[in-house]
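Note sheet for the following structure.
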Amino acid sequence: MIKLGVNVDHIATVRQARMTFEPDPVAGAALADLAGADVITIHLREDRRHIQDRDLEIMRKTVYTKLNLEMALSDEIIDIALKTKPDQVTFVPEKRQEVTTEGGLDVISNKNILPDIVKKFKDAGILVSFFIDPDQGQIAASKDTGAEYVELHTGTYANAGTDAERAPLLEKLATAGKYAEELGIKVNAGHGLTYKNTGALIDSMDIEELHIGHSIISRSIFVGIKEAVREMKELIYQYESLK
Ligand code: PXP
């Protein structure tokens with residue numbers, strides 16, 4: 001069964017809009033957990049625009065499913081992660097000006113430094129994933145670092161306007177996923193996924209974990225986070241059981 005990772009960053013985005021105490025992403029993570037989320041994801045950005053250090057510290061003690069920390073290749077955040085010990089880290093590229101993570105991480109260009117970093121996390125008992133574009137070179141380079149997972153960037157697929165544009169992008173993701181599986185690396189996927197476009201992705205390829213944030217948190221404003229998570233779990237179940 002495909003696992004659902006719920007990214008609760010945007011609860012913190014609302015809190016930080018007023019620099020106050022509510023809504024608390026820690027409470028959101030607990031409710032998402034109760035509703036069946038298999039993974040809780042947070043991104044501790046260098047600029048701390050949404051998730052704060054305190055959120056990570058408390059969630060490390062209160063999240064009983066898998067806690068996945070998205071992070072940049074930053075010495076400061078690496079130190080924090082190694083001390084806090086989330087269950088999994090997903091390395092992402094990070095730019096201060098971006099609204100959200102834009103492209104995938106360039107693992108090929110960083111291949112000299114990554115094996116040592118991956119080893120530190122593995123030695124600490126933390127799983128490592130790289131958020132990359134669906135590109136065979138990046139997948140092979142990720143495998144060479146010793147990482148257990150790649151997360152394929154679905155943003156280009158999610159942003160496509162028509163079925164004709166979406167078809168080759170789905171094929172590209174599926175081909176990349178197969179290649180990763182052949183290399184023995186687990187395949188996660190995420191970015192820009194919604195209640196409308198996730199089904200076709202599930203139809204097209206095998207996925208270990210789906211990582212979804214903005215769409216679930218947006219829906220939760222109207223239906224509540226437990227219902228929003230349950231609906232996405234149900235959608236995944238429906239599509240997967242028809243395969
Ligand atoms: N996966 C990664 C690596 C991300 O950086 C993000 C955004 O924080 C997501 C998944 C979730 O993207 P979205 O909020 O568009 O669902």
Side-chain angles (χ1 to χ4, degrees), residues 2-14 16 25 28-29 32 37-52 55-56 59 66-74 77 81 86-107 127-135 138-139 142 147-160 169 173 176-177 180 186-199 201-202 207-221 225 228-229 231-233 235-236:
I2 298 174
K3 298 185 181 74
L4 173 62
V6 177
N7 180 320
V8 297
D9 289 350
H10 291 302
I11 302 176
T13 303
V14 177
Q16 296 312 111
D38 303 288
V39 182
I40 298 293
T41 296
I42 50 175
H43 184 173
L44 186 69
R45 294 184 73 106
E46 288 181 273
D47 63 11
R48 308 297 200 273
R49 70 170 67 156
H50 39 52
I51 291 295
Q52 305 297 304
D55 302 328
L56 170 61
M59 279 190 223
K66 189 183 205 182
L67 180 64
N68 173 44
L69 177 68
E70 288 178 9
M71 56 187 284
L73 279 170
S74 130
I77 309 289
D87 301 293
Q88 176 169 298
V89 290
T90 300
F91 285 101
V92 301
E94 203 175 290
K95 292 192 217 110
R96 280 185 190 252
Q97 302 80 3
E98 70 193 355
V99 175
T100 180
T101 315
E102 282 166 358
L105 185 74
D106 188 351
V107 178
L127 297 164
V128 177
S129 177
F130 290 116
F131 181 57
I132 56 170
D133 291 323
D135 171 274
Q138 296 292 350
I139 294 167
S142 301
E148 288 96 346
Y149 290 83
V150 288
E151 180 177 336
L152 299 180
H153 193 324
T154 52
T156 311
Y157 158 67
N159 290 333
L169 295 167
L173 284 160
K186 291 184 182 146
V187 179
N188 298 340
H191 213 282
L193 296 177
T194 67
Y195 295 81
K196 287 206 167 68
N197 63 22
T198 298
L201 184 71
I202 294 171
I207 300 162
E208 193 83 19
E209 295 169 2
L210 279 167
H211 289 268
I212 309 180
H214 188 265
S215 189
I216 291 177
I217 301 304
S218 300
R219 196 179 195 86
S220 75
I221 292 173
I225 190 161
V229 171
E231 285 177 27
M232 186 57 85
K233 284 282 288 186
L235 184 151
I236 293 170

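Each ligand, and each atom within it, is numbered from 1 in the order the structure gives.
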**OP:** Report yes if some N/O of G213 lies less than 3.5 Å from some N/O of ligand 1; otherwise report no.
**Re:** yes
Under 4.0 Å from a heavy atom of [X]: which atoms of ligand 1 are those, numbered in the order shown and with their elements?
X    : result
V92  : 3 (C)
H214 : 13 (P), 14 (O), 16 (O)
N7   : 8 (O)
I212 : 16 (O)

**OP:** Would you kindly specify which portion of E151 sits under 4.0 Å from ligand 1, judged on non-hydrogen atoms: side chain, backbone, both or neither?
**Re:** side chain
Original post:
Looking only at heavy atoms, is any part of H43 under 4.0 Å from ligand 1, and if so is it the side chain, the backbone, or both, or is it neither?
Top reply: neither
**OP:** Indicate yes or no: does E209 engage K66 in a salt bridge with an N to O separation below 4.0 Å.
**Re:** yes
**OP:** Using a strict 4.0 Å threshold on nitrogen-to-oxygen distance, state whether R45 and D9 make a salt bridge.
**Re:**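 No.
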Original post:
Can you name the side-chain hydrogen bond (donor to acceptor under 3.5 Å, both in side chains) partners of T90, sequence neighbours left out?
Top reply: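 T90: side-chain hydrogen bond (donor to acceptor under 3.5 Å, both in side chains) contacts with N68.
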Any side-chain donor-acceptor pair under 3.5 Å between [X] and [Y]?
X    : Y    : value
E94  : H43  : yes
H50  : T13  : no
Q138 : D106 : yes

**OP:** State the NE2-OG1 distance between H191 and T154, to the nearest 0.5 angstrom.
**Re:**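 So the NE2 of H191 and the OG1 of T154 are separated by 7.5 Å.
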Original post:
Can you tell which of H191, E70, H211 gets a heavy atom nearest to atom 2 (C) of ligand 1?
Top reply: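 Going through H191, E70, H211 one by one, E70 has the nearest heavy atom to atom 2 (C) of ligand 1.
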Subject >> Heavy-atom gap G192 to ligand 1 smaller than 4.0 Å >> reply: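 Yes.
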